[in-house]
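I have placed the structure first, in the form of structure tokens, so that the comments after it can refer back to it.
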Amino acid sequence: MIVWILCLVFSLSYPILVFASSPAKHMCHADERDALWEFKREFHLNGMANNEKIHRWRNNTDCCSWDGITCDLKTGKVTELNLLGSSLNGRLRSNSSLFRLQHLQSLDLSSSNLAGILPDSIGNLKKFEESLGNLNQLTKLILASSKLSGNFPHVLLNLSELTTINLHFNQLEGTLPSNMSSLSKLEYFNIGSNSFSGSIPSSLFMIPSLTHLNLERNSFSGPLEIGNISSPTKLQFLSLGGNNLIGSIPRFISKLVKLLSLDLSFWNTMGSMVDFSMFLHLKSLMFLDISHLNTRSVVDMSLFSHLMSLSILHLSGNNLNISSTLLNLPTPIGSLALASCNISEFPKFLQTQTSLFYLDISNNQIKGGVPEWLWKLQGLGYVDFSRNSFTGFDGPADVIQRNEVYMLDISSNTFKNPFPLLPKAITYFSASDNQFSGEIPTTICKLASLEKLILSNNNFSGSIPRCFENFNTKLSLLHLQNNNLSGKFPEESVSVGLISLDVSHNKLSGELPRSLINCTYLEFLNVEDNMFNDTFPLWLRLLPGLQFLVLRSNKFHGPIYFPEGSMSFPKLRIFDISKNLFTGVLPLDYFAGWSEMSSGVYTADNKQQRFIGVSFTNYSKSVVLTNKGSTMELLGISFNIYKTIDISENRFEGEIPRSISLLKELNVLNMSNNAFIGHIPPSLSNLTNLQSLDLSRNTLSGKIPPDLGKLTFLAWMNFSYNMLEGPIPQGTQIQSQNISSFLHNHGLCGAPLQNTCSGGGEEDTRKEDQEEDEENYQVLSGIVAAIAYVPGVFCGLVIGHILISYRQDWFKKIFNCIV
């Protein structure tokens, strides 16, 4: 018996021993390994971290062992490619070797900095459709959080095995195909945060296997028409919020009885009534967002007592009725948004919400003190009661300090001293637009975790505390504008982690702290309306991300150009140095390196804090801008729209730099109240996005260039108080300007002025053409000179010599096309 057992053991172990003693064999197929290696080489790997998946791939090794690769254990075919979070930094090519992996079942390239166009709508991009169609075994396609653009790829409808499509947070647009139900196995469909439009196809709701449908934050419009749903739906997650849907909320919503999460926010019911009882059928709901429905109906808070699983409830923007008898909700709420609900008393039922983490009751009419019992809710993390009429905090001075809240917004109330003692764990605190006074309390300096501090629009006085140095690298946002702060800005008070600094509208003096040069992440700097007495901070050009520079209304002086240093501010979107004492002549190529204003690249404001789908935007930057002759305040998203230059009310001399014509994305240009001479550059007609142009109160001569009339967006212009002459160009918006835009130019004639012009035209026209040719020649010469400053000095000089020496008509035509 023992012998038999030993024989059995030996016979079973023999194949294992043989296998172990055999040389290692690659499971991966050579053709697929080569395809993956080629795919890696399609992208720029510069700057990729050593620990990233694709960086650790090694050629001539088993690709089935590479990070992010999964192979079928039997066939060795690559079935899954997961490069989530990789830094691919490039475009997904239409002929990418990726599409040779024909056994691929799961593809995840999300959050990989991928770019490119997804559709078949442009020429050879049809290859992309065909290539994607080769992946006919694909079950999961995940390309979220990339930079993909174009339309929805219709070829996906042919991939009948797909169970997951995730294209969330890209730049896709167009409409969805009407026959989405052909994806009969689809379970997860997420195209949220794109720019899709048109109606939502009813066929989506006919897919029997679908459990997750996310269409939020697009531009879908019209009513939602579904019809009859014949078979029971498995839908558990439905998000339609943040679109342009209108009309009644369809009753079929009440039939989605398996829903766990429902978002219908910003559905425009056009003032009609909403039967909120339809949500009572959704017994399993854990998340419900029905904010901003534009309805006349009043939401009764007690209605939600019947949803026993509810933990996140957002009702903002609706009229809310909270009965005084409502003392509790049976389910523990973790997130509650009741902003803009016409609430006049602090909701008492919150006392029993011991699981509450997120509370937003902003923009209501609540008066008096914040109740002491609120801070006994130990789970609180985020509290926003801004834009109410609170006057103080009930309880002892350290009542808030006893809590662990780390995001607190008390802005736009009527809070007065004493300034509250804050929890040590707090990371965000906004107390702007209140009535706090005296010196900024140094107790703030003990908040070691503080990242964002907003104390704007109060009555604080004294100096900026030196103890702000305690924040070191932590503090990224410091807004102290519109107080009565005075003295010098201490060098040590500058946190090197700053992204946004606003100390405008105070009484600060002295020089700008040179320690700002260490703030390599700084994007926004506003010191407007102080008493800074300093030269132009050319050293700020070394900050790679600086987008907004506002020095307006101070005592800055001297030139803003220095021959020994580059003047390039490549990321600047707003440049306002108006109302100072700057002097000197601006060289021809002054604006040659300002690439952000010369390109159409959109710079997203990715510093916006988000939490559970709700924007936390109350700390928005603000800048006063002179536009179309009036002042306006830029807030929030406006910063991503306007690109402006304002150098007005200084003492600049010489001619207007011709390189200004390179800034084709410029919206507002104000050079008024200086001492500029010479002609108005005809090349300003290249500024096709210009909306406002102010050249008034200079010493400009010559004629108003007729080509300015081709600027279709240019709605406002001012040429008054110069030495201009000749006829005002007729038949364009120039002629439609108010007469005040042309006053005190004694040589100007024609409408809207009353003095008519005498004849003479052909000779004047020829002279204008000659002047424009000469100007183009001067612009070119300056740009060529600028070329000589880059590392290719020799090539720049040689090219410059050739171009300047041989100025034929063919060259002028080419140059006009470029500029």
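Here the structure is a predicted model, which is why all the values come from computation and not from measurement.
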For this session: Sorted by first residue and then second, give each disulfide bond (SG atoms under 2.5 Å apart) pair with at least one member in residues 352-450; sequence neighbours left out.
Result: C445-C467
Exercise. Quick one: disulfide bond (SG atoms under 2.5 Å apart) pairs with a partner in residues 382-430, sequence neighbours left out?
Worked result: none
For this session: Can you run down the side-chain hydrogen bond (donor to acceptor under 3.5 Å, both in side chains) pairs that involve residues 483-498, sequence neighbours left out, and say none if there aren't any?
Result: N459-N484, R466-E492, E491-S515
Exercise. Does the side chain of S335 come under 3.5 Å of the side chain of H314 through a donor N or O and an acceptor N or O?
Worked result: yes
Seminar exercise, completed: For D275, the side chain to side chain donor-acceptor pair (under 3.5 Å) test, sequence neighbours excluded, returns R251, S277
Seminar exercise, completed: With sequence neighbours left out, the residues meeting side chain to side chain donor-acceptor pair (under 3.5 Å) with N457 are D433, N482
[X]: side chain to side chain contact (heavy atoms under 4.5 Å, CB included) partners, not counting sequence neighbours:
{"X": "T427", "result": "Y406, M407, S449, E451"}
{"X": "S195", "result": "E173"}
{"X": "N243", "result": "N218, F220, L245"}

Seminar exercise, completed: By salt bridge (Lys or Arg N to Asp or Glu O under 4.0 Å), R402 pairs with (sequence neighbours left out) D398
Exercise. Can you pull the salt bridge (Lys or Arg N to Asp or Glu O under 4.0 Å) pairs that have at least one residue in residues 331-353, sequence neighbours excluded?
Worked result: E345-K348
Seminar exercise, completed: CG (L525) and CZ (F548) are apart, to the nearest 0.5 Å, by 12.0 Å
Seminar exercise, completed: Hits for disulfide (SG to SG under 2.5 Å) against C519, two or more places apart or cross-chain, chain-then-number order -> none
Exercise. Sequence neighbours excluded, which residues qualify as ring-ring contact (aromatic ring centres under 6.0 Å, His included) partners of H292?
Worked result: F266
